[in-house]
Amino acid sequence: MALSGACKADELYVAVAANFSSTLKKLAPLFEQQRGHRLITSTASTGQLYTQIHHGAPYEVFLSADSLRPEKLIKEG
């Protein structure tokens, strides 16, 4: 019983630009199988995802259609 929490796979929250979502759908099962982590994805335009992240959305990975917005997020802290 004490180990049940440690055996649970982690979830990885991924924000993915719409133009990459079909590719991620193909890669996600392979990643999940190899790493044991479940991907929780949100798909939208890069601008929408940037706004969500800027306002505190808890994404751990941002797959952007450009480099401008991720760079802005890094500069903004």
Side-chain angles (χ1 to χ4, degrees):
M1 290 289 238
L3 295 177
S4 63
C7 295
K8 181 183 174 202
D10 290 326
E11 295 177 336
L12 183 66
Y13 291 86
V14 180
V16 58
N19 63 334
F20 191 68
S21 66
S22 63
T23 303
L24 184 61
K25 285 180 184 176
K26 293 175 185 174
L27 295 175
L30 298 171
F31 176 85
E32 291 174 350
Q33 180 183 16
Q34 290 180 4
R35 299 295 179 189
H37 300 290
R38 183 170 160 239
L39 295 182
I40 309 296
T41 61
S42 294
T43 303
S45 72
T46 293
Q48 290 171 326
L49 295 169
Y50 164 82
T51 300
Q52 291 175 15
I53 295 167
H54 181 76
H55 287 89
Y59 299 118
E60 298 164 300
V61 175
F62 180 22
L63 300 175
S64 174
D66 62 40
S67 60
L68 175 68
R69 289 179 187 92
E71 289 172 359
K72 283 181 70 174
L73 288 169
I74 291 168
K75 288 178 184 174
E76 294 166 358

In Å, rounded to the nearest 0.5 Å, how long is the span from [atom1] of [X] to [atom2] of [Y]?
| X | Y | atom1 | atom2 | result |
| --- | --- | --- | --- | --- |
| L27 | L63 | CG | CG | 9.5 Å |
| H54 | R69 | NE2 | CZ | 13.0 Å |
| E71 | D66 | CD | CG | 8.5 Å |

Verify the cluster assignment for [X] and [Y]: are they in a single hydrophobic cluster under the rule of side-chain heavy atoms below 4.5 Å apart?
| X | Y | value |
| --- | --- | --- |
| L73 | L68 | no |
| F20 | V61 | yes |
| V16 | L39 | yes |

Backbone N or O of [Y] within a donor-acceptor pair of the [X] side chain at under 3.5 Å?
| X | Y | value |
| --- | --- | --- |
| E60 | Y13 | yes |
| T46 | A65 | yes |
| H55 | T51 | yes |

ask   = Regarding H37 and E11, is there a side-chain donor-to-acceptor distance under 3.5 Å anywhere?
value = no
Considering non-hydrogen atoms only, spot the tightest contact between [X] and [Y] and give its length.
| X | Y | value |
| --- | --- | --- |
| K25 | P29 | O-CD, 3.1 Å |
| Y50 | F62 | N-CZ, 4.1 Å |
| L49 | A17 | CD1-N, 3.7 Å |

request  = Report the residues that fulfil side-chain hydrogen bond (donor to acceptor under 3.5 Å, both in side chains) with Y59, sequence neighbours left out, ordered by chain and then residue number.
outcome  = S42, Q52
key: Residues in side-chain hydrogen bond (donor to acceptor under 3.5 Å, both in side chains) contact with Q48, at least two apart in sequence or another chain   = S45
query = Heavy-atom distance under 4.5 Å between the side chains of R38 and L12, does that happen here?
reply = no
query = Can you tell if the side chain of L24 reaches within under 4.5 Å of the side chain of T41, non-hydrogen atoms only?
reply = yes
